[in-house]
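Single-structure report; data block below.
To find a chain, count down the sequence lines: A is the first, B the second, and so on, and within it residues start at 1. Computed from a predicted structure; not experimentally measured.
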Protein chains: 2
Amino acid sequence: MARAGLTMDRLARAGAELADEVGFEQVTVSALARRFDVKVASLYSHLKSSHDLKTKIAMLALEELADRAGEALAGRAGKDALTALANVYRDYARQHPGRYAAAQFRLDPKSAAASAGGRHAQMTRAILRGYDLTEPDQTHAVRLLGSVFHGYVSLEMGGGFSHSAPDTEETWTRVLDALDALLRNWPAP
Amino acid sequence: MARAGLTMDRLARAGAELADEVGFEQVTVSALARRFDVKVASLYSHLKSSHDLKTKIAMLALEELADRAGEALAGRAGKDALTALANVYRDYARQHPGRYAAAQFRLDPKSAAASAGGRHAQMTRAILRGYDLTEPDQTHAVRLLGSVFHGYVSLEMGGGFSHSAPDTEETWTRVLDALDALLRNWPAP
DNA sequence: GCGGGTTTCCTAAATCTATTAGGAAGATGC
DNA sequence: GCATCTTCCTAATAGATTTAGGAAACCCGC
């Protein structure tokens with residue numbers, strides 16, 4: 001029997017593609033086996049469970065996203081950096097909806113620690129260097145930014161912003177303007 | 001054979017309870033049948049599919065949430081209203097994580113139109129009456145608030161804010177302070 | 001280049017979920 | 001009390017997950 005040359009890495013990568021095509025929810029060990037033209041049971045030499053597969057796809061997406069964010073942030077500061085990072089998340093979600101959904105997958109503590117999650121927090125924090133915030137306000141602001149990025153992207157993609165005017169493109173730029181203004185003028189406790 | 005007295009409504013209600021207990025993802029027609037001590041096929045006299053069940057649970061959650069929001073908003077304005085509404089979402093998510101996840105379920109356009117989704121948008125908009133915003137900034141602000149509420153709650157519940165200091169309670173109040181400040185001082189385009 | 005050990009893939013089988021078809025018993029209305 | 005509709009059932013199909021155990025392919029040292 002010729003071997004298919006499967007590895008965990010290739011499975012995660014193919015799983016990510018599959019997620020973009022049919023949605024992260026629909027990523028299944030069976031579908032993946034089909035894609036490699038291999039019997040389902042064969043995949044269990046490479047992954048422990050369906051949950052394990054999803055975890056690996058999630059971690060791949062988090063890495064990709066962190067890489068993009070790192071690139072986007074290089075050489076930028078202040079509002080420029082804010083906009084760049086925000087757009088990385090939004091663009092990634094639009095280009096790779098399945099992967100973006102995967103990045104939202106709830107990881108167990110061990111996987112979370114090994115994931116690129118920490119890099120994301122660090123990069124959001126890096127943005128704030130361009131603003132005049134000290135702890136604990138810096139952490140508050142990091143959490144606010146994370147909330148807005150994630151919340152906006154997920155509502156927009158879920159159709160939560162309906163179809164009405166003004167368009168979401170305009171809102172996005174105005175929201176980033178507003179965040180910039182807020183960070184420059186963070187209220188005292 | 002004695003009848004179990006199933007109705008779509010009771011199924012949705014029981015499904016919501018089940019979601020809170022085991023997670024919305026794990027809500028299954030089979031599990032629901034078990035809970036009513038009835039054969040799986042019997043449920044198909046009341047619902048079209050598993051997806052249909054999830055839709056009904058989502059709409060139930062959206063109604064409950066809108067009812068709570070409506071109560072919380074009565075007689076309040078300005079920052080008081082902002083805080084009240086924000087806390088409704090957060091508290092609901094904590095008390096009923098499965099239902100809250102259900103409320104995030106992506107509805108088809110017909111169900112979405114029949115859902116309480118519109119009431120939610122209206123209530124967020126109502127908050128802004130206490131601030132000096134006109135269109136299209138009002139819509140931008142509605143979307144920002146929705147993003148923050150949803151994003152914060154979902155990151156917090158997903159463990160995205162780790163466990164480090166400062167605690168998320170403090171961040172939450174400071175984020176609401178910041179939003180209030182931002183709305184009172186919305187930047188010109 | 002050959003024998004042994006490991007890895008990868010297979011067949012087979014159990015279990016769970018979703019869904020449909022068709023039947024029988026309970027409820028309802030006249 | 002009969003006809004009809006509804007609700008629940010049995011039976012069956014199909015797909016997903018997961019485990020057990022086997023055989024061929026690959027790799028390593030000799």
Side-chain angles (χ1 to χ4, degrees), chain A residues 1-60 98-99 101-102 105-108 110-111, chain B residues 1-60 98-99 101-102 105-108 110-111:
Chain A
M1 263 147 253
R3 294 200 179 180
L6 304 181
T7 62
M8 183 69 251
D9 199 68
R10 287 189 63 200
L11 289 176
R13 224 169 285 284
E17 282 169 29
L18 189 57
D20 285 336
E21 290 164 23
V22 304
F24 184 60
E25 301 289 309
Q26 276 63 53
V27 171
T28 190
V29 183
S30 304
L32 205 52
R34 239 171 273 134
R35 171 163 296 222
F36 281 102
D37 205 31
V38 136
K39 297 298 170 184
V40 192
S42 306
L43 298 200
Y44 284 84
S45 298
H46 303 275
L47 43 86
K48 289 206 313 290
S49 66
S50 176
H51 186 274
D52 183 36
L53 170 63
K54 294 213 173 105
T55 296
K56 292 293 167 30
I57 299 174
M59 292 179 71
L60 178 97
R99 284 159 146 97
F105 185 69
R106 175 136 185 198
L107 298 173
D108 55 292
K110 198 177 300 275
S111 304
Chain B
M1 262 148 255
R3 294 199 178 180
L6 304 181
T7 63
M8 183 69 251
D9 200 66
R10 288 189 63 198
L11 290 177
R13 223 169 285 284
E17 282 169 28
L18 189 57
D20 285 337
E21 290 164 23
V22 303
F24 184 60
E25 301 290 308
Q26 275 63 53
V27 171
T28 188
V29 183
S30 305
L32 206 51
R34 239 171 276 136
R35 172 163 296 221
F36 281 103
D37 206 32
V38 136
K39 298 298 171 188
V40 192
S42 306
L43 297 200
Y44 284 85
S45 298
H46 303 276
L47 43 85
K48 290 206 311 289
S49 67
S50 176
H51 186 273
D52 184 36
L53 171 63
K54 295 213 173 102
T55 296
K56 291 293 166 32
I57 298 173
M59 293 180 71
L60 179 100
R99 284 158 145 99
F105 186 69
R106 173 134 188 200
L107 297 173
D108 56 292
K110 199 177 299 275
S111 304

Legend entry - Separation of dT18(D) P from L32(A) CG (nearest whole Å): 13 Å
Legend entry - Heavy-atom pair of closest approach, residues F24(B) and G98(B): CB-O, 3.7 Å
Legend entry - Minimum-distance pair of heavy atoms, taken over all atoms of A102(A) and A58(A): O-CB, 3.1 Å
Inset, instruction - Determine to 10° how strongly the helix from dG1(C)-dC30(D) to dC30(C)-dG1(D) is bent, judged from the axes of its five-pair ends. - result: 20°
Inset, instruction - Give the minimum heavy-atom separation between G15(B) and V27(B), together with the two atoms involved. - result: O-CG2, 3.8 Å
Per-pair distances, 0.1 Å, donor-acceptor, side chain in residues 38-49 of chain A, under 3.5 Å, sequence neighbours excluded:
| unit_1 | atom_1 | unit_2 | atom_2 | d |
| --- | --- | --- | --- | --- |
| S42(A) | OG | K39(A) | O | 3.2 |
| S49(A) | OG | H51(A) | N | 3.3 |
| S49(A) | OG | D52(A) | N | 3.1 |

Inset, instruction - Please report, rounded to the nearest Å, how far the C1' atom of dA25(D) is from the CG atom of L6(A). - result: 14 Å
Inset, instruction - Mind checking the CG-CD1 spacing from L32(B) to I57(B)? Nearest 0.5 Å is all I need. - result: 7.0 Å
Legend entry - Sequence-distant partners of D108(A), side-chain hydrogen bond (donor to acceptor under 3.5 Å, both in side chains), two or more places apart: S111(A)
Legend entry - Whole angstrom value for the distance that separates P of dC9(D) from CG of L43(B): 9 Å
Inset, instruction - Please check the phosphate of dC9(C) (OP1 and OP2 only) for any side-chain N or O of H46(A) closer than 4.0 Å. - result: yes
Legend entry - For S50(B), all residues meeting side chain to side chain contact (heavy atoms under 4.5 Å, CB included), sequence neighbours excluded: V29(B), K54(B)
Legend entry - d(CD, Q26(B); C1', dT17(D)) in whole Å: 14 Å
Inset, instruction - Sugar-phosphate atoms are those with a prime plus P, OP1 and OP2; base atoms are the rest. Using that split, label each nucleotide of nucleotides 11-22 of chain C B, S or - for protein heavy atoms under 4.0 Å, 5' to 3'. - result: BB----SSBB--
Legend entry - Whole-Å distance separating the CE atom of M8(B) from the C1' atom of dT7(D): 15 Å
Inset, instruction - Quick one: which residue pairs count as a side-chain hydrogen bond (donor to acceptor under 3.5 Å, both in side chains) with a foot in residues 8-34 of chain A, not counting sequence neighbours? - result: D9(A)-R13(A), D20(A)-H96(A), D20(A)-R99(A), E21(A)-R35(A)
